[in-house]
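Below, chain A is the first sequence line, B the second, and so on; all start at residue 1.
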Amino acid sequence: MKGSYILLEALKQEGVDVVFGYPGGSVIPLYDALYDFDIRHILTRHEQGAAHAADGYARASGKVGVCVATSGPGACNLVTGIANAYLDSVPMVAITGQVRTSLIGTDAFQEADITGITLPIVKHSYLVQKVDDLPRIVREAFYLARTGRPGPVLIDVPVDITVAETEYDPSCPPDMALPGYKPTVKGHPKQIRAAAAALAQAERPVIYAGGGIISAGASQELRDLARFAHIPVTTTLTGIGCFPEDEELSLGMLGMHGTRYANYAVTHCDLVFAVGVRFDDRVTGKLETFAPGAKTIHVDVDPAEISKNVVVDIPIVGDARWVLSAILDELKKHQLAVDRHLPWMAQIAQWKEDHPQVVRQDPGGEIMPEHVVRRLWEITKGEALITTEVGQNQMWAAQYYLARYPRQFITSGGLGTMGFGFPAAIGAKVACPDSLVIDIAGDGSFQMNIQELGTAVAHDIPVKVCILNNCCLGMVRQWQELFWQKRYSQTCFECQPDFVKVAEAYGAEGYRVTGLDDLDEVLRESLSSDGPAVIDVPVKQEANVYPMVPAGGSIHEMLEEEG
Amino acid sequence: MKRTLSVLVENKPGVLTRITGLFARRGFNIDSLAVGETENPLFSRVTITVVGHDQPVEQVTKQLHKLINVIKITDLEPAERLERELLLVKVKATADNRAEIMQVAEIFEGRIVDISPETAVIEATGPRRKVEALIELLRSMNVVVELIRTGKIAVRRGPKLT
Ligand SMILES: Cc1ncc(C[n+]2csc(CCOP(=O)(O)OP(=O)(O)O)c2C)c(N)n1
């Protein structure tokens, strides 16, 4: 069998039925073989789109996302998408073509050392040297991508490998050879007992939950534990959805643009139960004042995350799902008085009452961006699958679209990649065709991968892009306003395309909201239509995201809108 | 503090790049590095010395563990390790000072392995301290022309594996 057929057959063995990609010289044999396989190929308009779409697909489905690109420029165009998946621990396999083996190292046409370039941003990578290795490499790549702490794995395949012939029997899976790879699933029993005891004794506990819970499929276990022990839950940006945000125990997001009550709760608690998080600087602010009086339990599948930024009292390495259910079992052996932290819950209720996340209205009648997000939430009954771009739009989406389910809120957390949301929405819609998928976008970010309108239309992937159009790079503008004396260097667009016409030119639907009066009507109409749609919503340019903790500040010291 | 990490890795292309890249990325300067095949040709042993405090060294060790091709890492304490480094040093050795050079080499149990009318090459091996003492002495004599060291290798003393 030819290498290209072996590769695709091996993908089938891994359960792959869709890939996102873009062809080129060194992958022609692979693309030719595609004709003979029942694998859906989504041709994007840029390789970055393919990588983000594979990422969105993976986050929405929990399966490994696959993207394909040709050698040289094609592979280089994947780089941002690979880094994005790496920083948010998303399972992805990127397959790149490479010049033929005999040309490697000669600066051949369209040669780029993509395994070298991506070294710091992959979980692992392979440069295939023998066609016989292909089945094993594919199997290992998928195994590595989805187990332990998930992440992207790159397979670089020289074109001669794809045309070389060898024996291959898909019915006998190759042995993996990974002697150095043994992710820990089960937490240490002693630590589990210690954690349960600490949780039972705490007077002011808080759960700080992150994306690790979603990738471990541990949302139910988290809910069970939080409800059983009656402990409030705050989540990170990538953890949104792991706990229902409209439930009383939810504190919403914490950190730089977190809720006041979440940040206050973390600052005043006596126990932080951190699960699937990495104490990122956007969450902790100044480390010295983060949960200063608290004991910390930290559960993570990656031992390197334990005590990386914050020294913890009870570290537990293991799979979040396994560990959470073990802790709950253990907790049930303790006598938990229902009223054991009544004062704490009352304090939190008070903070919530004093500092609610309000939807502001503009006295001048302009549309406030968070109002748009809140209306989207209400109109879709909180059931839509949301992706976001990066910047203010992302924060408003996080603050005002109250997610209830894991994998409902997909956003670029670690890398903060503008241009992620739209292709990710395409990938998510492919994974969840029955969900209404909305990219909450900024006018800047959307233009970074606006060409994917072609993909959505050609493949009939009816995603909705709702642009909170403030005619500027809002988040940067906000920093300039607050910390750089309103010197708005290069952040206001002097010229913008007509987004409605752009959408229409691609064959998508374009909608424009003109003011508060027609906002609801246009949102309803655009969301209920059958096709891909762009909704251009002009919002108040000066609107800032609040509360805000200045970078490096203490998270309980938040800036608020003046006046 | 100086640490000696003995890292067992798969003997595959690119593994060394992954290791050194990781050190550079995490802000560590590798003090010395020696690598070679082990008793099993499928594996190589990399001996790395780094300078750093406990916490950062522990962090970089954990990150090293995450490399798929890394099998085992041992942080060898001074008391439990036997260490060697090989030095080849080319020195000025004319008729005037050749005897003195030979004497120094002898004191350090080194050997003269090459000689020319103007130079000699001394080969010396031993624990780092000893090799460095020799270097210091030669420097003070102002005779060093060229100095080449292998970097340290180390093995655990006694029956237990490294
Ligand atoms: C690829 C990339 N380039 C630059 C940035 C820096 N950046 C962060 S937010 C932002 C502004 C985003 O503007 P827009 O998409 O219009 O969203 P808004 O903040 O206005 O909602 C910029 C430029 C980034 N995050 N990603």
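The number of heavy atoms from other shown groups lying within 6.0 Å of NZ (B:Lys90) does not exceed 12. Taking a 6.0 Å sphere around CG of B:Asn40, one finds it holds more than 12 heavy atoms contributed by other residues, nucleotides or ligands. Within a 6.0 Å sphere centred on NZ of A:Lys286, other residues, nucleotides and ligands contribute 12 heavy atoms or fewer. Counting heavy atoms of neighbouring residues, nucleotides and ligands inside a 6.0 Å radius, atom CZ of A:Arg139 exceeds 12 of them. Within 6.0 Å of CD in B:Glu37 there are more than 12 heavy atoms belonging to other residues, nucleotides or ligands. By the neighbour-count criterion of 12 heavy atoms within 6.0 Å, atom CZ of A:Arg321 is sparsely surrounded, having that number or fewer from other residues, nucleotides or ligands.
B:Glu10 contributes no side-chain N or O that, together with a main-chain N or O of A:Gly180, makes up a donor-acceptor pair within less than 3.5 Å. Checked by atom type and distance alone, the side chain of B:Lys66 never pairs as donor or acceptor with a backbone atom of A:Asp302 at under 3.5 Å.
Contact of the B:Pro13 side chain with the A:Gln129 side chain is registered, since non-hydrogen atoms from C-beta on lie closer than 4.5 Å.
The contact between A:Ser125 and chain B is made by backbone and side chain atoms together, counting heavy-atom distances below 4.5 Å. In this structure, the portion of B:Arg25 lying under 4.5 Å from any heavy atom of chain A is its side chain and not its backbone.
Ranking B:Gln63, B:Arg18, B:Gln55, B:Lys12 against chain A, the residue ahead of the rest is B:Arg18, based on heavy-atom pairs under 4.5 Å.
The distance from atom CG of A:Leu144 to atom CD1 of B:Ile68, rounded to the nearest 0.5 Å, is 4.5 Å.
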